[in-house]
Amino acid sequence: MGYALGVQVLQEPAPEYLALMTAQERKVIIIGSGPAGLTAAIYAARARLQPLVIAGGQYGGQLMLTSDVENYPGFPEGILGPELMERFRAQAERFGADVRPVDAIRVDFTGPQHGVWTDDAEFRAPAVIVATGASALWLGLDSEAALRGKGVSSCATCDGAFFAGKDICVVGGGDTALEEALFLTRFGRSVTVIHRRNELRASKIMQERARNHPAISFVWDSVVEDILGNGRVTGVRLRHVKTGEVTERPCDAVFVAIGHRPNTELFAGQLDLDAKGYVVSADGVHTSRLGVFVAGDVWDVRYRQAVTAAGMGCRAAMEAEHYLVGLGVAGS
Ligand SMILES: Cc1cc2nc3c(=O)[nH]c(=O)nc-3n(C[C@H](O)[C@H](O)[C@H](O)COP(=O)(O)OP(=O)(O)OC[C@H]3O[C@@H](n4cnc5c(N)ncnc54)[C@H](O)[C@@H]3O)c2cc1C
């Protein structure tokens with residue numbers, strides 16, 4: 001049974017769409033395999049749209065980079081990020097989603113059949129769901145990668161609660177860094193903001209709040225040269241950018257809050273993007289192109305959570321189905 005979303009349902013598929021259906025033709029293509037993409041895949045597959053998921057070389061999205069996830073509903077004991085994503089994938093495949101661990105390298109959304117290219121194939125579909133996420137920016141240290149999920153994080157909402165009563169460092173100087181620092185004061189014994197300049201980029205109001213908070217202190221003009229610890233974070237090595245002095249500061253967690261980059265290079269010139277590269281959408285589902293929908297962190301600059309991304313994946317798939325029913329490509 002389809003969703004009754006108030007469209008006029010055509011009983012027979014429109015001939016121009018049927019004529020275009022070849023071996024590489026799909027009803028819906030989903031780009032991305034994080035919580036947004038794979039939830040869209042579950043909904044589209046259960047609606048019998050046999051979605052193709054261009055899952056990306058880095059299959060599974062950002063949760064593959066973390067260990068315990070304690071705020072995804074349905075797992076009272078928590079679940080490991082990669083295991084959660086395996087479950088998303090298994091659920092989508094159970095209903096017939098075709099998940100391929102390859103990157104989309106080119107798109108053409110000028111329609112009406114949208115094109116998506118991988119290294120060795122071209123696919124066409126009247127509906128595409130863009131769920132390519134955003135990547136947290138990291139410092140680029142080997143120790144940072146080794147200790148990710150073991151005290152190194154880029155998400156205070158996700159991981160702050162693991163550091164109750166601990167000493168926490170936050171790296172960055174913008175609004176996000178100060179928001180993260182303020183949030184972390186709920187858990188940490190101390191929160192130290194490490195910034196490479198001697199003034200903050202954050203808004204005045206955020207600066208005031210952070211500077212007036214008794215648990216927050218600042219280390220200025222300093223960069224993190226290394227994150228210390230073997231199996232878990234025990235401190236940071238800092239270099240003063242003006243004097244060159246190197247010091248070590250003990251801490252239990254390092255939250256890197258230097259920004260995110262949406263994965264949208266592929267869509268430049270094809271979709272409206274904002275100044276930071278996020279997909280523009282008035283309602284968080286529809287894009288500037290008919291038949292192209294968006295879901296998850298590639299649009300959402302505010303919540304950036306697995307459950308919100310999954311919810312958006314559901315919405316995008318339902319809207320895609322609604323669109324396909326209107327075209328006569330999907331049954332009612
Ligand atoms: C360290 C860390 C810990 C986190 N912990 C939690 C937590 O505990 N709880 C929580 O709710 N949230 C957590 N988050 C946030 C959560 O992971 C994100 O909000 C969520 O993953 C966003 O889902 P998404 O599907 O929009 O995008 P993503 O998860 O970013 O997935 C995007 C997908 O698109 C793919 N892709 C990109 N470009 C292409 C391309 N050209 N072709 C094909 N595929 C492409 C990527 O490979 C990836 O698979 C955490 C994030 C991080 C970084």
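Start at 1 and go down the list; that is how both ligands and their atoms are numbered.
- Using bins of under 30°, 30° to 60° and over 60° for the plane-to-plane angle, the ring pair Phe267/Phe109 lands in the parallel bin.
- Open room surrounds CZ on Arg48; 12 or fewer heavy atoms of other groups in view lie less than 6.0 Å from it.
- Distances from atom 39 (C) of ligand 1 to the heavy atoms of Thr132, Val102, Val256 put Thr132 nearest.
- When the shell of 6.0 Å around CG of Asp142 is examined, it contains 12 or fewer heavy atoms from other residues, nucleotides or ligands.
- Looking at Val128 and Val28, their side chains never come closer than 4.5 Å, going by heavy atoms from C-beta outward.
- With no hydrogens or angles considered, no side-chain donor-acceptor pair links Thr132 and Asn263 at under 3.5 Å.
- With respect to the salt-bridge test (charged N to carboxylate O, under 4.0 angstrom), the residues Arg315 and Asp283 do not qualify.
- At a threshold of 4.0 Å, the pair Lys204-Glu208 does not count as salt-bridged, since none of the basic side-chain nitrogens sits closer than that to a carboxylate oxygen.
- Residue nearest to atom 48 (C) of ligand 1, selected from Gly32, Gly61, Gly160, Gly296: Gly61 (by heavy-atom distance).
- Between the side chain of Glu144 and the main chain of Gly140, a donor-acceptor pair closer than 3.5 Å is present.
- Looking from atom 44 (N) of ligand 1 to the surrounding protein, the closest heavy atom is Gly56 CA, 3.2 Å.
- Residue contact check: Leu266 has heavy atoms under 4.0 Å from atoms 41 (N) of ligand 1.
- Compare Arg148, Glu265, Gln62 by their heavy atoms: the one nearest to atom 51 (C) of ligand 1 is in Gln62.
- At a heavy-atom distance under 4.0 Å, only backbone atoms of Ala55 (N, CA, C or O) approach ligand 1.
- Atoms of ligand 1 found under 4.0 Å from any heavy atom of Ile31, numbered from 1 in the order shown, are 42 (N), 43 (C).
- Regarding atom 47 (O) of ligand 1, its nearest protein heavy-atom neighbour is Gln58 O, 2.9 Å.
- No part of Ala136 comes within 4.0 Å of ligand 1, judged by heavy-atom distances.
- In terms of polar-atom proximity, Pro35 is counted as a contact of ligand 1, with an N or O under 3.5 Å from an N or O of the ligand.
- In terms of protein heavy-atom proximity, atom 10 (C) of ligand 1 is closest to Gln305 OE1, 3.3 Å.
- If you number the atoms of ligand 1 from 1 as listed, the ones under 4.0 Å from a heavy atom of Leu63 come out as 5 (N), 6 (C), 13 (C), 14 (N), 17 (O).
- Of the listed options Val307, Asp297, Thr308, Asp297 places a heavy atom closest to atom 18 (C) of ligand 1.
- Close approach of ligand 1 to Ala134 is summarised as follows: ligand atoms under 4.0 Å from at least one heavy atom of the residue are 30 (O).
- Protein heavy atom at the shortest distance from atom 13 (C) of ligand 1 is Cys158 SG, 3.0 Å.
- Counting protein heavy atoms only, atom 33 (C) of ligand 1 is closest to Ser33 N, 3.6 Å.
- Ranking protein heavy atoms by distance to atom 27 (O) of ligand 1, first place goes to Gly133 CA, 3.3 Å.
- Here is the list of ligand 1 atoms found below 4.0 Å of a heavy atom in Ala131: 32 (C), 33 (C), 34 (O).
- The atoms of ligand 1 that sit less than 4.0 Å from any heavy atom of Asp103 are 40 (C), 42 (N), 43 (C).
- The backbone N or O of Thr110 sits less than 3.5 Å from a side-chain atom of Asp108, completing a donor-acceptor pair.
- For the side chain to side chain donor-acceptor pair (under 3.5 Å) with Gln305, the qualifying choice from Asp300, Thr157, Asp297, Asn71 is Asn71, the only one to do so.
- The number of heavy atoms from other shown groups lying within 6.0 Å of CD (Gln207) is above 12.
- Ion pairing of Arg237 with Glu225 is absent here, as no side-chain N (NZ or NE/NH1/NH2) approaches a carboxylate O to less than 4.0 Å.
- Among all protein heavy atoms, the one lying closest to atom 53 (C) of ligand 1 is Ser154 OG, 3.3 Å.
- In terms of modelled atom types and a separation under 3.5 Å, the side chain of Glu122 and the main chain of Trp117 share no donor-acceptor contact.
- Among protein heavy atoms, the minimum distance from atom 11 (O) of ligand 1 is reached at Ala306 N, 2.8 Å.
- A cation-pi arrangement is absent between Arg196 and Trp220, since the terminal nitrogen or guanidinium carbon is not both under 6.0 Å from the aromatic centre and inside a 45° cone about the axis.
- At most 12 heavy atoms of other shown residues, nucleotides or ligands fall within 6.0 angstrom of atom CD in Glu199.
- Among Ala310, Ala161, Ala104, Gly313, the residue whose heavy atom lies nearest to atom 40 (C) of ligand 1 is Ala104.
- Any N or O atom pair closer than 3.5 Å counts here, and Ala36 shares at least one such pair with ligand 1.
- Remark: ligand 1 atoms within the under-4.0 Å shell around heavy atoms of Arg304 are 15 (C), 19 (O).
- Short contacts between ligand 1 and Asn71, defined as distances under 4.0 Å to a heavy atom of the residue, involve ligand atoms 7 (C), 8 (O), 9 (N), 10 (C), 11 (O).
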